[in-house]
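In what follows, a single structure is set out as structure tokens and then discussed.
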Amino acid sequence: MGRALTFLMEWLWRLLYLNAIWILFSLPVITVIPATASMFSVMDKWVREDHHKPDFKVYFREFKRLFLKSYSLGLSIVLIGGLLFLDLLILRNAVSDIFVTIRYGLLLFSLLFLIAVSYSFPVFLRYQFPWYKTLFFSFMLGVRNPVITFLMSCGFLLVLLLVMFATGVGILLFASLIALISTISAHFIINGLPEIAVD
């Protein structure tokens with residue numbers, strides 16, 4: 001019981017610390033993308049390499065390393081997601097059969113896009129694919145492993161409920177919990193894959 005409590009408290013501290021650094025580095029707004037990539041990179045080290053000590057220097061090093069590299073993926077996600085949201089907003093009150101069909105098609109595509117996004121940063125950090133290969137490979141991971149994707153989605157929902165009903169705690173843990181769930185889910189799948197040659 002004591003070990004379990006110590007384990008939980010250690011991880012709670014790591015998540016709080018990482019979330020606080022992410023918020024700090026995201027404050028200029030334009031740095032949200034590299035700040036997020038750096039957060040996932042630190043989480044990747046915790047999950048894969050068992051480097052559990054929260055370290056500002058490690059985060060800052062990853063922030064500098066990923067500052068330019070991460071924008072191609074991050075801006076692609078923002079652009080595609082923004083266009084989908086705008087299209088759905090325009091079609092939200094559509095009554096014509098053809099527009100209703102288009103709206104449902106967009107909703108389906110949005111769901112598939114969210115699956116790809118959920119795995120995208122762990123895949124990007126592992127393979128360093130271009131953004132389009134990262135999203136495609138992430139999508140394939142998600143749809144080929146529906147059970148893990150469903151469990152990951154349930155985890156995201158629990159985080160959202162935490163933010164809604166315990167807002168203070170939710171804000172303090174939101175980003176790092178999302179990164180933890182996404183990273184563990186992606187690595188569980190990737191570890192079962194054969195080695196992939198990266199060109």
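Treat the numbers as computed from the prediction; the structure is a model and nothing was measured.
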Go through it in stages, so that I can follow the logic: the residues are Leu177 and Phe156, the test is side chain to side chain contact (heavy atoms under 4.5 Å, CB included), and I'd like the CA-CA distance, side-chain angles, deciding distance and then a yes or no. CA-CA 8 Å; Leu177 270 177; Phe156 291 162; over 6 Å; no
Measure the acute angle between the ring planes of Phe129 and Tyr127, then classify it against the limits of 30° and 60° as parallel, tilted or perpendicular. parallel
Once you round to the nearest 0.5 Å, how far does CG of Leu160 lie from OG of Ser153? 12.0 Å
Between Asn19 and Leu173, which heavy-atom pair has the shortest distance, and what is it? OD1-C, 3.5 Å
Any sub-3.5 Å donor-acceptor pair from Ser41's side-chain atoms to Ala37's backbone N or O? no
Going by atom types alone, do Ser176 and Trp22 pair a side-chain donor with an acceptor below 3.5 Å? no
Nearest heavy atoms of Ser138 and Ala116, plus distance in Å: CB-O, 3.1 Å
Check whether any side-chain heavy atom of Glu62 lies under 4.5 Å from a side-chain heavy atom of Met39, and answer yes or no. no
Can you confirm whether Phe67 sits close enough to Ile33 that some side-chain heavy atom of one is under 4.5 Å from a side-chain heavy atom of the other? no
Kindly give the heavy-atom pair with the smallest separation between Ser110 and Leu88, and that separation in Å. OG-CD1, 3.7 Å
For a side chain to side chain contact (heavy atoms under 4.5 Å, CB included) check, start with the C-alpha distance between Thr183 and Phe121, then their side-chain angles and the critical distance, and finish with the verdict. CA-CA 8 Å; Thr183 301; Phe121 277 102; over 6 Å; no
Hey, does the side chain of Asp44 reach the backbone of Phe40 with a donor-acceptor pair shorter than 3.5 angstrom? no
Pairwise side-chain contact, Pro130 with Ser72, heavy-atom cut-off 4.5 Å (strictly under): no
Would you say that Ile102 contacts Leu106 through its side chain, given a criterion of any heavy-atom pair below 4.5 Å between the two side chains? yes
Which atoms form the tightest heavy-atom contact between Ile115 and Phe139, and what is the distance? CG2-O, 4.4 Å
Is a side-chain donor or acceptor of Ser185 paired with a backbone partner of Ile148 at a separation under 3.5 angstrom? no
Working note: Leu12 + Leu8, criterion side chain to side chain contact (heavy atoms under 4.5 Å, CB included); need CA distance, chi angles, decisive distance, verdict. CA-CA 6 Å; Leu12 179 61; Leu8 289 174; over 6 Å; no
Arg92 to Arg103 - nearest heavy-atom pair and separation: O-NH1, 2.9 Å
Looking at every heavy atom in both Leu135 and Ser120, which two are closest together, and how far apart are they? CD2-CB, 4.1 Å
Any sub-3.5 Å donor-acceptor pair from Tyr71's side-chain atoms to Leu66's backbone N or O? no
Below 4.5 Å, heavy atoms only, C-beta onward: do Leu180 and Trp11 meet side chain to side chain? yes
For the residue pair Phe25 and Phe56, categorise the inter-ring angle as parallel (less than 30°), tilted (30 to 60°) or perpendicular (more than 60°). tilted
Tell me which one of Ile184, Leu15, Ile181 satisfies side chain to side chain contact (heavy atoms under 4.5 Å, CB included) with Met43. Leu15
Quick check for you: to the nearest 0.5 Å, what is the distance between Lys133 atom NZ and Phe136 atom CZ? 11.0 Å
Once you measure the plane-to-plane angle for Phe113 and Phe109, does it fall in the parallel (<30°), tilted (30-60°) or perpendicular (>60°) bin? parallel
Starting from the C-alpha separation in whole Å, work towards a yes-or-no answer on side chain to side chain donor-acceptor pair (under 3.5 Å) for Thr134 and Tyr119. CA-CA 9 Å; Thr134 296; Tyr119 292 99; over 6 Å; no
From CA spacing to verdict: side chain to side chain contact (heavy atoms under 4.5 Å, CB included), Phe124, Trp131: CA-CA 8 Å; Phe124 171 74; Trp131 69 268; over 6 Å; no
